[in-house]
> 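Can you keep this structure in mind? I'll have questions shortly.
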Amino acid sequence: EVQLVESGGGLVQAGGSLNLSCATSGFSLDDYAVGWFRQAPGKEREGVSCISSSDGTAIYADSVKGRFTISSSYAKSTVYLQMNSLKPEDTAVYYCAAYFSRATTVHLTPQWLYDYWGQGTQVTVSS
């Protein structure tokens, strides 16, 4: 059974940091690209970052470039999202998701590419 379980969310002040984890099971990170998405209240879900299965190539939304870093641990079957310099507008439920791909090029859209989704973890940034 494929599972993605997010953790690491919480309440943090603006300027602070959080490190989200996405623990995966039922598939290999060698075969799947893994992305992070977020959905703020009243807004559509948006892509944040994605990492390739082949060589760790990563892409980021413009709104988080330079502040967020995605990484993966094949040994732990876990993908991380280190979030620094957090802003109140980063407040959202954060989801990780995966789609089958061994390509270097990865995508955050369209979201229907993603086969599997986690349940999400809440991140709240206070001003």
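These numbers come from the heavy atoms of this one structure, side chains and all, not from hydrogens, waters or symmetry mates.
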> Does Val106 share a hydrophobic cluster with Leu81, counting links as ILVMFWY side-chain heavy atoms below 4.5 Å and allowing steps through other members?
no
> Once rounded to the nearest 0.5 Å, what's the spacing between atom CD of Glu46 and atom CD of Gln111?
9.0 Å
> Please report the shortest heavy-atom distance between Pro88 and Ser127, naming the atom on each side.
CG-CB, 3.9 Å
> Going hydrophobic residue to hydrophobic residue with side-chain gaps under 4.5 angstrom, can you get from Val2 over to Leu113?
no
> So, do Val12 and Ser126 sit near enough that their side-chain heavy atoms are less than 4.5 Å apart?
no
> Return yes if some donor-acceptor pair links the side-chain N/O of Tyr114 with the main-chain N/O of Phe100 below 3.5 Å, else return no.
no
> Check the pair Ser72 / Val79 against side-chain contact (heavy atoms from CB on, under 4.5 Å), numbers first and verdict last.
CA-CA 4 Å; Ser72 59; Val79 175; 4.0 Å; yes
> Using ring centroids (six-membered ring only for Trp), state whether Phe68 and Trp36 fall under 6.0 Å.
no
> Can you tell me how far the NZ atom of Lys65 sits from the CD1 atom of Ile59, to the nearest 0.5 Å?
9.0 Å
> Measure the shortest side-chain to side-chain distance between Val93 and Thr121 over non-hydrogen atoms and say whether it is less than 4.5 angstrom.
no
> Are the side chain of Arg45 and the backbone of Gln39 linked by a donor-acceptor contact shorter than 3.5 Å?
no
> Got Thr91 and Val123 here, is their nearest side-chain heavy-atom distance under 4.5 Å?
no
> With hydrophobic residues grouped by side-chain heavy-atom distances under 4.5 Å, do Leu20 and Leu86 end up in a single group?
yes
> Once you round to the nearest 0.5 Å, how far does CD1 of Ile70 lie from OG1 of Thr57?
11.5 Å
> Honestly curious: do Ile51 and Tyr74 fall in one hydrophobic cluster under the side-chain, below-4.5 Å linking rule?
yes
> Enumerate the residue pairs fulfilling disulfide bond (SG atoms under 2.5 Å apart) with a member in residues 39-127, sequence neighbours excluded, ordered by first and then second residue.
Cys22-Cys96
> Run the side-chain contact (heavy atoms from CB on, under 4.5 Å) check on Val34 and Leu29 step by step: do they pass?
CA-CA 8 Å; Val34 176; Leu29 290 181; 3.7 Å; yes
> Using modelled atom types only, decide if a donor and an acceptor are shared between the side chain of Glu6 and the backbone of Gln119 within a distance under 3.5 Å.
yes
> Taking Ser52 for its side chain and Gly56 for its backbone only, find out whether a donor-acceptor pair lies under 3.5 Å.
yes
> According to ring pair (Phe, Tyr, Trp, His ring centres under 6.0 Å), who are the partners of Phe27, at least two apart in sequence or on a separate chain?
Tyr32
> Does any pair with a residue in residues 94-105 pass side chain to side chain donor-acceptor pair (under 3.5 Å), and if so which ones, sequence neighbours excluded?
Asp31-Arg102, Arg38-Tyr94, Ser54-Thr104
> Does Lys87 pair with Asp90 as a salt bridge, N-O distance under 4.0 Å?
no
> May I have all residue pairs that pass side chain to side chain donor-acceptor pair (under 3.5 Å) and include part of residues 8-30, sequence neighbours excluded?
Ser17-Asn84, Ser28-Asp30
> Got a sec, which hydrophobics cluster with Tyr80, joining ILVMFWY side chains under 4.5 Å apart, including via others?
none
> Answer whether the closest heavy-atom distance between the side chains of Leu108 and Tyr60 falls below 4.5 Å.
no
> Using the test side-chain hydrogen bond (donor to acceptor under 3.5 Å, both in side chains), find all partners of Lys43 that sit at least two apart in sequence or belong to another chain.
none
